[in-house]
Amino acid sequence: MSAERREFPPADEQLRVLRRGVVDLISEDELRQKLERSRDDGRPLSVKVGFDPTAPDIHLGHTVLMRKMRQFQDLGHQVVYVIGDFTAAIGDPSGRSKTRPPLTREQILANAETYTRQAFMTLDRERAVTRFNSEWLSPLGAEGMIKLAAKYTVARMLERRDFRERFDGGVPISVHELLYPLAQAYDSVALAADVELGGTDQLFNLNVGREIMPDYGLAPQVIMTVPLLEGTDGSDKMSKSLGNYVGVTDAPNEIFGKVMSISDTLMWRWYELLTDEGAEGARALREVAERGERHPRDLKVDLARLLVARFHGDAAADEAVTHFEQVFARKELPDEIATVTLPAADEPVWLPALLKETGLAASTSAARRLIQGGGVKLDGEKVVSEEASIPARGELLIQVGKRHFLRVRFG
RNA sequence: GGAGGGGUUCCCGAGCGGUCAAAGGGAGCAGACUGUAAAUCUGCCGGCCACGCCUUCGGAGGUUCGAAUCCUCCCCCCUCCA
């Protein structure tokens, strides 16, 4: 953070950009004032955002928020990226119906490392500071924690829906979980944050920070929330544990394929939240499709291509398009098929055992079922008998389902 | 501290001495249909070269020809009272 003066666009101009796609903004007036003051002083706003390093991979859902952070950066402001190493030991109860298992120190640090690296695929490294919240939360000690806890009441804590529902539903809530929002709130105090961003599920936590800051002699932070992105299944929010996510480090074909498999309804939503189209642009595209001017599939290809290009570049995106057309639209074989070499033998190999060995099926039982269901092809021929055996020599192309190809060479 | 309810396969949830590898739903996988869409429909959904055997119903013992189901102890959760 340098002391040099910076130039900022007029507050209203900044506001116009920042407000876009935001669900909660508390409050717009306060934000305008902060923007004006920062412009007068030539000092960037400190925009805080916290990440719980529990699941190490960043997915498209996170990028909705990161793109908003990026906008602040592009306007000249400073993002403070808080790695919740301390709070990870508590486990954020947000949106949870169960207590989270705590992580070990090593896991947390390893996750934080991966997280940060992936975050900077979207964020501007130059205008970001990474901090670990154990820096100020650990020294707080039991005494400080108790003082902090004294600033809030149980009744207020239970206003929060996650807690309320668990409480009413007879699902356990551990006392330490009540400390999570307070710890996160204290991050804002320690950093004297001007603004804190989060997903809509963070509204409660963000508000706690806002509320306790004046107790510590600070101006309350402005809070902004962005929508939660629905995962590939189209219903739940995107999350790694639900397996409905598209990771930013997923392979190009992987990203492309996952995007193509989402429903049309979801596609408009993704256009809105993940691209520069915004709500109006997404609506316009939908109308174009509804009028039959463009096939929804093509619009989905555009979206998939754009997202692959964002994380892997244009060349990779073009290849992904080609690959997709080839394998799925024309049902041809992909260019690249993994090959495994197994020792040749005189005895034929029992197919289910081979599928298990090559990882194409989890067990021989599962392999049998796949064969029974008609999902296994050898050199393009559907296998009819689960007792099928094949000579353990030469080369063989195995296909399981629509997507799994493997060349097996015996030699 | 007292009284009561409960822990079942990935998740929810039935079962309450044999007919239980355990209903139903969800998720997942495969097939059909398609735009690899989505929705829908069908099948599968513990393991094992397998019409039989093995391992599962919080944990450890026990009763019984036979237990997820009964008994004992332990662990964990919830509700009400204090």
Side-chain angles (χ1 to χ4, degrees), chain A residues 95-99 101 163-175 177 230-246 252-271 285-286 289-290 292 294-305 308 320-334 345 347-357 359-377 381-390 392 398-405:
Chain A
R96 287 273 157 167
S97 51
K98 283 182 183 172
T99 307
F163 286 145
R164 183 87 256 163
E165 282 174 359
R166 280 165 66 181
F167 193 73
D168 291 346
V171 179
I173 301 172
S174 298
V175 172
E177 292 181 76
E230 289 83 356
T232 49
D233 55 11
S235 51
D236 289 306
K237 76 166 182 172
M238 186 174 285
S239 91
K240 193 170 185 189
S241 52
L242 292 174
N244 61 358
Y245 72 105
V246 180
N253 288 340
E254 199 58 19
I255 296 182
F256 200 93
K258 284 182 184 175
V259 176
M260 289 307 288
S261 76
I262 66 174
S263 72
D264 290 353
T265 318
L266 185 59
M267 160 167 71
W268 311 126
R269 177 74 170 162
W270 282 27
Y271 258 114
L285 285 172
R286 193 178 66 206
E290 279 165 1
R294 290 200 66 194
H295 196 292
R297 191 218 319 109
D298 296 333
L299 290 169
K300 207 176 284 173
V301 168
D302 289 350
L303 177 66
R305 197 192 171 290
V308 173
V321 176
T322 312
H323 174 269
F324 182 81
E325 299 281 321
Q326 194 173 339
V327 178
F328 298 109
R330 299 203 302 275
K331 298 210 193 299
E332 293 168 6
L333 295 176
E347 290 294 301
V349 195
W350 183 47
L351 187 57
L354 180 64
L355 293 177
K356 181 188 174 187
E357 203 174 326
L360 290 167
S363 63
T364 58
S365 303
R368 283 164 176 266
R369 287 181 224 121
L370 281 168
I371 295 170
Q372 279 171 358
V376 178
K377 286 182 186 170
E381 295 279 318
K382 185 179 286 185
V383 180
V384 288
S385 166
E386 65 201 69
E387 294 307 332
S389 286
I390 49 164
I398 309 180
Q399 183 177 357
V400 175
K402 292 190 181 71
R403 298 189 294 158
H404 304 288
F405 299 87

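Below, chain A is the first sequence line, B the second, and so on; all start at residue 1.
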For A/Asp298, which residues count as a salt bridge (Lys or Arg N to Asp or Glu O under 4.0 Å) partner, sequence neighbours excluded? none

B/C41 versus B/G17 - spacing of their C1' atoms, nearest Å: 40 Å

Heavy-atom check, side chain of A/Glu387 versus side chain of A/Arg368, under 4.5 Å: yes

Between B/U72 and B/U63, how far apart are the P atoms? Round to whole Å, please. 15 Å

Holding to side chain to side chain contact (heavy atoms under 4.5 Å, CB included), I want the full list of residues that pass it with A/Thr265, two or more places apart in sequence or in another chain. A/Ser263

Protein-nucleotide distance (A/His404, atom NE2; B/U36, atom P), rounded to Å: 17 Å

Between A/Leu351 and A/Glu386, is the side chain to side chain contact (heavy atoms under 4.5 Å, CB included) condition met? List the steps. CA-CA 7 Å; A/Leu351 187 57; A/Glu386 65 201 69; over 6 Å; no

Distance check, P atoms only: B/A30 and B/C80, in whole angstrom units. 47 Å

If you measure from the P atom in B/C10 to the same atom in B/C65, how many Å do you get, rounded? 33 Å

Is the shortest heavy-atom distance from the side chain of A/Met260 to the side chain of A/Arg297 under 4.5 Å? yes

Roughly, in whole Å, what's the span from NZ in A/Lys382 to C1' in B/G31? 7 Å

Sequence-distant partners of A/Phe324, ring-ring contact (aromatic ring centres under 6.0 Å, His included), two or more places apart: A/Phe256, A/Phe328

Pair of N/O donor and acceptor under 3.5 Å linking B/G35 base with A/Asp264 side chain: yes

Step by step, would you call A/Leu370 with A/Leu360 a side chain to side chain contact (heavy atoms under 4.5 Å, CB included)? CA-CA 10 Å; A/Leu370 281 168; A/Leu360 290 167; over 6 Å; no

Counting only N and O atoms by type, is there a donor-acceptor contact under 3.5 Å from the side chain of A/Gln326 to the main-chain atoms of A/Leu333? yes

Residue matched to B/C65 through Watson-Crick or wobble contacts both under 3.5 angstrom: B/G18

Nucleotide B/C29, atom P - distance to CG of A/Leu360 in whole Å: 15 Å

A/Phe324 on top of B/U36's base, within under 5.5 Å and under 30°? no

Searching all strands shown, indicate the nucleotide that pairs with B/C49 (Watson-Crick or G-U wobble; both distances under 3.5 Å). none

Atom NZ of A/Lys402 and atom P of B/G35 are separated, to the nearest Å, by 13 Å

Please work out if A/Gly234 contacts a base, only the sugar-phosphate, or nothing of the nucleic acid, heavy-atom cut-off 4.0 Å. nothing

Return the polar atom pairs (N/O with N/O) between nucleotides 20-28 of chain B and the protein under 3.5 Å, or none.
none

Base, sugar-phosphate, or nothing for A/Pro352, non-hydrogen atoms under 4.0 angstrom? nothing

Under a 3.5 Å limit for both distances, which nucleotide forms a Watson-Crick or G-U wobble pair with B/G43, could you say? B/C29

Considering only atom P, compute the distance from B/U8 to B/C78 and round it to an integer number of Å. 15 Å

Gap between atoms CD1 and C1', on A/Ile371 and B/A30 respectively (whole Å): 12 Å

Return whichever of A/Val349 or A/Gly375 has its heavy-atom-nearest nucleotide of RNA chain B closer to the 5' end. A/Gly375

Go through the structure and list residues passing side chain to side chain contact (heavy atoms under 4.5 Å, CB included) with A/Lys258, not counting sequence neighbours. A/Thr232, A/Val246, A/Asp250, A/Glu254

Taking atom P in both B/A27 and B/C11, what distance in whole Å separates the two? 16 Å

What does the B/S/- profile of nucleotides 42-47 of chain B look like, 5' to 3', with a 4.0 Å heavy-atom cutoff to protein? --SS-S

Per nearest nucleotide of RNA chain B, the residue lying toward the 5' end, A/Gly257 or A/Gly374, is A/Gly374

A/Ser263 has its side chain closest, among B/U36, B/A30, B/A38, to B/A38

Rounded off to whole Å, could you give me the NZ-to-P distance for the A/Lys377 and B/G31 pair? 8 Å

B/A21 versus B/A67 - spacing of their C1' atoms, nearest Å: 15 Å

Nucleotide B/A38, atom P - distance to CG of A/Asn244 in whole Å: 14 Å

Using a cut-off of strictly less than 4.0 Å, decide whether A/Lys300 has a side-chain nitrogen or oxygen near OP1 or OP2 of B/A38. no

In this structure, how many angstroms lie between the P atom of B/U36 and the NZ atom of A/Lys258, rounded? 19 Å

In the strands shown, is B/A23 matched to any nucleotide by a Watson-Crick or G-U wobble pair with both distances under 3.5 Å, and which? none

Taking every heavy atom of A/Tyr271 against every heavy atom of A/Leu299, the minimum-distance pair comes out as OH-O, 2.8 Å

Span that lies between the C1' atom of B/U55 and that of B/G6, in whole angstrom: 26 Å

Which nucleotide in B/A30, B/A50, B/G35 has an atom nearest any side-chain atom of A/Leu370: B/A30

Do the side chains of A/Lys300 and A/Asp264 get close enough for a salt bridge, i.e. N-O under 4.0 angstrom? yes

Suppose we define a pair by two distances each less than 3.5 Å, Watson-Crick or G-U wobble; what does B/G1 pair with here? B/C81

To the nearest 0.5 Å, tell me how far A/Asn253 CG sits from A/Thr322 OG1. 9.5 Å

